[in-house]
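Below you'll find the structure, written out as structure tokens, and then a few comments.
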Number of protein chains: 2
Amino acid sequence: MTMKLEILTKNENRDIQKKIIEKIRDLINYKNLEPGDKLPSERTLSEKFEVSRGNIREAIQKLEFYGLLESIPQSGTFVANIGVIAMNGMIDDILRLEDPDFKSLVETRILLELKTARLAALRRTNEDLEAMKEALDAYATKVVKGEDAVQEDLLFHLAIAKASGNSTMNTFMLIITPGIITNFEKYHVCDSNQAFSGIQEHKDIYEAIKNQDPKLAKQMMKAHFKILYQYCYNQK
Amino acid sequence: MTMKLEILTKNENRDIQKKIIEKIRDLINYKNLEPGDKLPSERTLSEKFEVSRGNIREAIQKLEFYGLLESIPQSGTFVANIGVIAMNGMIDDILRLEDPDFKSLVETRILLELKTARLAALRRTNEDLEAMKEALDAYATKVVKGEDAVQEDLLFHLAIAKASGNSTMNTFMLIITPGIITNFEKYHVCDSNQAFSGIQEHKDIYEAIKNQDPKLAKQMMKAHFKILYQYCYNQK
DNA sequence: AAAACCAATCTGGTTAACCAATTTTAAACA
DNA sequence: TGTTTAAAATTGGTTAACCAGATTGGTTTT
């Protein structure tokens, strides 16, 4: 018997991955696998679920990303050290996760940046300060020339995230940034119309962080996000 | 000539991935690749960088995750629609990313949960409310029995994240949760000593969200996190 | 001259074979 | 019978071959 071969779309691929994750969850429950227990081998799962080993590996890697499984070379894949109930709950949540919409990204960005500005004011090193100054100058230079400075604007904000000294928030900022940029044409934070006021706002934030004034830093950041803020909380 | 084969540790693997990402960045700069331009094929890069095609694929997938590249089947890998400057800045940030420490995780969790509680109060559907009630009851039942209820506690918080209607924050909560659990033995949020007060606190949060009182929901969540909060902001 | 066509080539994705470390099994020895 | 040892089977990771769709360049047709 010959297997029918075809190229799968990303959606189809994601669907079979979801089904595999569901089956892994069911297996963990049916076999009463506890933290530390070993999952069946990738080959076994591949046969049992009637999918390729590559699909199994991808599903396992996804669950590894969320900290639910751990693969050890030449040994096996193991259930992470969280209980069965949390395991079930988290897998269900992961399966239900929707792609982020733009509004959700913006809302999260504002939340993160109000905090990173505050934290940066408290923790910034002199090195952080130099990096922020550099990004600020690059931004101002471009704006004065009348050129588009969206990228430089962005890098200034990322420099603040770095200066916050919180690696998790820094990572999250990096994750959401591309999605923000992609939709930026619709909702500019620093539109060319407002670019010159943007320079002053950036300077205000920078000065507050330089002077280690967390309250003012947050306030200046909030002012900087005024337009986005309105988009988020006044519109629908 | 025979190639020496050996199993690489995850650290070694991460190092060569970093080097590949650096080389991709340098290539984009040297060739002046702009948004939409096509990267050399995986095979070409594999030869040029003298690494396996699998390593190249992994590096590309990582940059895809951060939205910097896009692979299209049977066509090629393309530079995303963000400028060269942002591309350089973001790649540098990605290369410098540190593994999150526990304190960074907790700090981010508190930030996220104060917000999701508020948003849940504003947006929760009746369905969300039922899910939260279910998680709350499961938690209370276990505590009354005197059993460990860390998992149920956690699922209640995740139910709130879901009710917030913000898919990005929901995802981020899922990402940080396993790390939180793993280190939970050190710093319990709902320690068995405080489990009974934990029930009341959970009920307070639930009631505030049920009554659509965002301010109170945030306040109750803050009270619930009092101990963690102190750990974060009073201790070094 | 331009449009339509076709075959050779190139692409990312997928699969099957292979690797070395580990684990298990059973055989050999005490 | 209990311990040691070695060989066979199993493991996740890696590699090379293969797949079908997309691209490309040249040729033919209109």
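Basis for what follows: all heavy atoms, side chains included, without hydrogens, waters or symmetry-related copies.
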Of B/Ile110, B/Leu112, B/Leu105, B/Val106, the one forming a side-chain contact (heavy atoms from CB on, under 4.5 Å) with B/Thr108 is B/Leu112

For B/Gln17 and D/dG13, give me the distance from atom CD to atom P, rounded to whole Å. 14 Å

Is there a donor-acceptor contact under 3.5 Å from the side chain of B/Glu34 to the main chain of B/Gly83? no

Which whole-number value in Å describes the distance from B/Asn13 CG to D/dG12 C1'? 13 Å

What is the distance, rounded to the nearest whole Å, between atom CG of B/Leu39 and atom P of C/dT11? 11 Å

Using heavy-atom distances to pick each residue's nearest nucleotide on DNA chain C, tell me which of A/Ser75 and A/Glu58 is more 5'. A/Glu58

Under 4.0 angstrom between A/Ser41 side-chain N/O and D/dT10 OP1 or OP2: no

Between B/Gln61 (CD) and C/dT14 (P), how many Å, whole number? 10 Å

Rounded to whole angstrom units, what separation is found between the CD atom of A/Gln74 and the C1' atom of C/dA21? 4 Å

Any side-chain N or O of A/Asn55 below 4.0 angstrom from OP1/OP2 of C/dT14? no

Find the distance A/Ile60:CD1 to D/dG13:P and express it as a whole number of Å. 8 Å

Any N or O donor-acceptor pair under 3.5 Å from the base of D/dG12 to the side chain of A/Arg43? yes

Salt bridge present between A/Asp137 and A/Lys142 (N-O < 4.0 angstrom): no

Roughly, in whole Å, what's the span from CD1 in B/Ile56 to P in D/dT14? 14 Å

Kindly state whether the ring of B/Tyr139 and the ring of B/His157 have centres lying under 6.0 angstrom apart. no

Rounding to an integer number of Å, can you tell me how far B/Lys38 NZ sits from D/dT24 C1'? 10 Å

Regarding A/Gly54, tell me which of base, sugar-phosphate or nothing describes its non-hydrogen contacts under 4.0 Å with the strands shown. nothing

For D/dT15, does OP1 or OP2 lie under 4.0 Å from any side-chain N or O of B/Arg53? no

Hey, is the side chain of A/Ser71 poking within less than 4.0 Å of OP1 or OP2 on D/dG12, counting only N and O atoms? no

Closest listed nucleotide, where the reference is the side chain of B/Ser52 and the choices are D/dG13, D/dT15, D/dA22: D/dT15

For the pair B/Arg96 and B/Asp93, find out whether any cationic side-chain nitrogen is under 4.0 Å from an anionic carboxylate oxygen. yes

